[in-house]
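Each remark here refers to the structure printed beneath this line.
When a residue number appears, it is its place in the shown sequence, counting from 1. Each ligand, and each atom within it, is numbered from 1 in the order the structure gives.
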Amino acid sequence: MINNILNKVGNTPLISLKMGNEPNLNVFSKLEFYNPTGSVKDRAACYILNRLLNEKIIDSDTTIIESSSGNFGVALSAYAKLKGLKFICVIDKTTLPVNEMLIRQQGAKVICITEPDQYGGYLMNRLKKVNEIVNSTENIYWINQYGNPLNAQAYYNSLGKEICLEIPRQKLDYLFMGVSSGGTITGVSQKVKEKHPNAKIIAVDVEGSVIFGGKPRKRFIPGIGSSLRPSILESASIDNTVVVTEQETINSCRELLEKHNLYAGGSSGSVHAAVKKYFNNSKLEKPTNVMCVFADRGERYITTIYNDDWCKMIKNYSAGVMPTTVPV
Ligand SMILES: Cc1ncc(COP(=O)(O)O)c(C=O)c1O
């Protein structure tokens with residue numbers, strides 16, 4: 001018996017996933033959307049706040065601040081409330097209404113950035129706002145998921161450990177993970193390389209993200225990708241990168257639902273598409289264990305990935321037709 005669902009973070013289900021006709025390809029997936037607020041980011045939110053409180057870096061009067069328009073904002077608002085901490089979440093006008101509602105309903109103060117930055121996105125202006133607030137507020141702590149080592153340590157100590165324990169026959173050949181702040185891949189890769197030094201860590205990114213040197217371009221699906229390279233990635237151990245398109249992400253999300261009954265979020269589709277791309281036409285000579293991380297649920301993408309009109313808009317955009325409005 002547990003006294004609050006938020007204490008049920010981690011120990012997510014591991015499933016085996018039949019993919020393609022290659023008999024030696026064994027794909028397993030960690031379903032991170034079984035975390036309490038619906039994503040892998042619960043692990044970071046819970047771990048970071050516990051460490052900060054236990055080590056007295058913050059106290060019950062500290063205000064927490066973070067720039068996040070997605071899963072991390074939702075997770076932090078829940079765990080900050082559980083711990084009685086004030087939380088300011090800086091979002092922007094592209095934030096999904098459902099995420100904004102969840103963040104507000106869980107007691108966070110929401111500041112919404114509406115002016116685009118010099119790159120046409122909102123990240124730089126969100127970070128500028130965070131800096132302004134931090135510089136003018138006493139007893140405030142900026143979580144800073146892109147640079148805070150605690151973000152990676154959260155995954156080293158939880159998801160990384162679970163993957164090492166659960167991989168069948170203790171044989172891990174490949175591990176595929178989506179990247180945004182870089183916390184998941186940094187922490188998990190560090191742990192996995194200790195136990196399985198020969199396992200290949202594959203980073204999954206989307207077209208339009210600059211994390212692995214790609215050209216910046218408008219991206220529509222939230223979750224992975226970034227318009228800056230997170231400093232936390234300097235200590236990650238990455239062997240290879242697979243970049244997928246938003247169309248491939250959509251196709252894979254729909255395939256996961258139709259063939260595997262998995263109603264998964266965008267980055268799960270990106271990871272699935274990346275595994276397909278990587279092993280396309282390969283003849284594996286011996287059984288190969290591939291682990292992937294499915295980071296969040298499909299519900300929050302009902303107006304996007306699972307909406308036919310929205311998907312048409314993405315198809316047109318890829319063909320060079322700019323949308324006049326972006327439905328959310
Ligand atoms: C859906 C989804 N997938 C993957 C990630 C990547 O996690 P990380 O920020 O640890 O790189 C995120 C991060 O917010 C996410 O929301």
Enumerated ligand 1 atoms positioned under 4.0 Å from heavy atoms of [X]:
{"X": "G182", "value": "8 (P), 9 (O), 11 (O)"}
{"X": "G183", "value": "10 (O), 11 (O)"}
{"X": "S180", "value": "6 (C), 8 (P), 9 (O), 11 (O), 13 (C)"}
{"X": "D296", "value": "1 (C)"}
{"X": "V179", "value": "11 (O)"}
{"X": "T184", "value": "7 (O), 8 (P), 10 (O)"}

Is any NZ, NE, NH1 or NH2 atom of the basic residue among K30 and E162 found under 4.0 Å from an Asp or Glu carboxylate oxygen of the other? yes
How far apart are the C-alpha atoms of K171 and I167, what are their side-chain angles, what is the distance that settles it, and do they pass the side-chain contact (heavy atoms from CB on, under 4.5 Å) test? CA-CA 6 Å; K171 183 178 178 300; I167 187 73; 5.7 Å; no
Starting from atom 3 (N) of ligand 1, locate the nearest protein heavy atom and write down its residue, its atom name and how far away it is, to 0.1 Å. S267 OG, 2.7 Å
Nearest to atom 5 (C) of ligand 1, what protein heavy atom do you find, and at what distance? I224 CG2, 3.8 Å
Record the part of N71 in heavy-atom contact with ligand 1 below 4.0 Å; permitted values are side chain, backbone, both and neither. side chain
Give the contacting part of K41 toward ligand 1: side chain, backbone, both or neither, where contact means a heavy-atom distance below 4.0 Å. side chain
S270 side chain to G266 backbone, donor-acceptor under 3.5 Å: yes
Has K200 got its NZ or CZ under 6.0 Å from the middle of the six-membered ring of Y174, at an angle within 45 degrees of the ring axis? no
Any cation-pi pair here, K83 with Y79, using under 6.0 Å and within 45°? no
Check the side chains of T12 and E32 for a donor-acceptor pair under 3.5 angstrom, ignoring hydrogens and angles. yes
